[in-house]
Amino acid sequence: MAELPDLEVFSRILNRRYSGKTLEKIDVEVAGKLNVTAKKLKESLEGHQLSEVKRSGKTLQFHFGRDRILGLHLMLRGELVALGEKPPKFPVLIFHFKGGKGFAVTDMQKQATPTLGPPVNEVPDALELDYPVLKKLLEGKKTTIKTLLMDQKKVRGIGNSYGDEILYHAGISPFSIAGKIPDEYVKKLHKSIHSVLETAIKKIEKENGDELTGELRDFMQVHSAKLKQTPKGEEILSEKIGGRTSYYTKSQELFH
DNA sequence: GAAAATGTTGATTG
DNA sequence: CCAATCAACATTTT
């Protein structure tokens with residue numbers, strides 16, 4: 001969980017289910033990563049109406065009015081679950097809305113990070129990245145394109161799996177030096193970022209329907225430990241880049 | 001039972 | 001100063 005397309009779909013579902021409802025109570029089960037005290041969070045949000053849920057990069061933002069915004073990063077293992085009969089496993093935060101419904105943020109690793117009053121982030125979101133900005137981002141950079149795409153200080157929202165999918169789609173090797181990629185391929189990369197992410201959003205939205213749960217990655221073309229071949233029959237290679245496994249094929253062009 | 005797993009941060013090394 | 005690597009976080013899945 002927790003790359004841009006999943007979060008985009010979650011934000012839409014959360015909006016449909018909870019926007020307009022008043023937060024009756026919020027339980028803070030794990031306060032370790034919270035930037036304020038549990039008491040302060042409760043004082044700030046309880047009794048207020050959820051106006052909107054937004055996605056920003058790999059974070060969600062719950063708007064309870066001006067100056068009452070809760071940011072949330074799910075990190076590696078964070079999940080969102082609707083409250084049911086059983087109490088959620090590994091709860092971090094539990095939102096109870098008036099009328100009895102609610103959801104929980106869970107994380108077995110306790111790394112999910114809620115932030116009251118998240119600072120405005122100037123780094124472009126992957127879905128808002130236009131071609132001239134991307135071109136400028138790559139110019140003169142000596143780092144590999146895979147590392148750069150995953151760098152949240154440069155573009156927000158792309159992680160290890162979609163990074164591989166995007167580069168496969170664009171026909172660029174993840175080991176290519178960012179600054180050495182010709183314009184023609186930077187254009188392809190720009191198109192691939194949008195089309196891979198938007199296609200994923202549509203597929204996840206279709207599968208998930210109105211359910212909060214689920215982690216759909218069936219449509220991955222290269223980034224999967226199970227796959228040996230792409231749908232086109234190309235052999236999938238894997239190698240670590242920056243401590244994380246990258247999946248790619250020989251058909252992706254290497255610029256260096 | 002070992003290894004890897006969608007992310008980030010801070011320390012460290014070149 | 002920039003780039004790259006690694007460990008740490010806690011648990012499940014392969």
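Owing to the predicted nature of the structure, the values given are computational and were not obtained by experimental measurement. Order of the sequence lines sets the chain letters (A, B, ...), proteins ahead of strands, with each chain counted from 1.
- Rounded to a whole Å, the CE atom of Met150(A) is 14 Å from the C1' atom of dA5(B).
- Counting any heavy atom pair closer than 4.0 Å across all strands shown, Gly243(A) reaches no nucleic acid atom.
- In this structure, Gln111(A) and Lys226(A) both approach DNA chain C, and ranking their closest nucleotides by distance from the 5' end singles out Gln111(A).
- Protein atom NZ of Lys153(A) is 6 Å distant from nucleotide atom P of dT9(B), rounded to whole Å.
- Among the heavy atoms of the strands, none lies under 4.0 Å from Phe175(A).
- For the pair Arg55(A) (side chain) and Ser11(A) (backbone), a donor-acceptor distance under 3.5 Å is absent.
- When the side-chain nitrogen and oxygen atoms of Tyr247(A) are compared with OP1 and OP2 of dA5(B), one or more of them lie within a distance under 4.0 Å.
- The NZ-C1' distance, from Lys154(A) to dG7(B), rounds to 16 Å in whole Å.
- Every residue meeting the side-chain contact (heavy atoms from CB on, under 4.5 Å) condition with Leu254(A), not counting sequence neighbours, appears here in chain and number order: Ser173(A), Phe175(A), Ser176(A), His256(A).
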> Where does DNA chain C pair, written as one dot-bracket string 5' to 3', with Watson-Crick or G-U pairs under 3.5 Å, ( ) inside the strand, [ ] for crossing pairs and | for another strand?
Replying inline: .||||||||.||||
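- Of the side-chain N and O atoms in His73(A), none sit less than 4.0 angstrom from OP1 or OP2 of dG7(B).
- The side-chain contact (heavy atoms from CB on, under 4.5 Å) test applied to Lys40(A) returns Val36(A), Thr37(A), not counting sequence neighbours.
- Remark: the backbone N or O of Ile26(A) is paired with a side-chain donor or acceptor of Glu46(A) at under 3.5 angstrom.
- Atom CG in Asp107(A) sits roughly 9 Å away from atom C1' in dA10(C) (whole-Å rounding).
- In this structure, the CG atom of Leu227(A) is 18 Å from the P atom of dA4(B), given to the nearest Å.
- The residue Thr245(A) sits close only to the backbone: its heavy atoms come under 4.0 Å of sugar-phosphate atoms, none of a base.
- The same atom, P, is picked in dT8(B) and in dC1(C); the two are 24 Å apart, to the nearest Å.
- Formation of a donor-acceptor pair under 3.5 Å by the Asp125(A) side chain with backbone atoms of Gly57(A) is found in this model.
- Straight-line distance from the CD1 atom of Ile241(A) to the C1' atom of dA4(B): 17 Å, rounded to whole Å.
- Each of Thr143(A) and Arg244(A) was matched to the nucleotide of DNA chain C holding its nearest heavy atom; the match closer to the 5' end belongs to Thr143(A).
- Rounded to whole Å, atom C1' of dA4(B) lies 15 Å from atom CG of Asp164(A).
- In this structure, Glu198(A) does not pair ionically with Lys202(A), as no charged nitrogen and carboxylate oxygen lie closer than 4.0 Å.
- The side chain of Met108(A) lies closest to dT11(C) when the candidates are dT11(C), dT9(B), dG7(B).
- One interatomic measurement links the two molecules: CG of Leu76(A) to C1' of dA8(C), which rounds to 12 Å at whole-angstrom precision.
- Note on Lys58(A): a side-chain N or O is less than 4.0 Å away from OP1 or OP2 of dG7(B).
- Side-chain contact of Gln221(A) with Tyr247(A): a donor-acceptor pair under 3.5 Å is absent, judged by distance alone.
- At a threshold of 4.5 Å between side-chain heavy atoms, the hydrophobic network of Ile, Leu, Val, Met, Phe, Trp and Tyr places Leu50(A) and Leu23(A) in one connected group.
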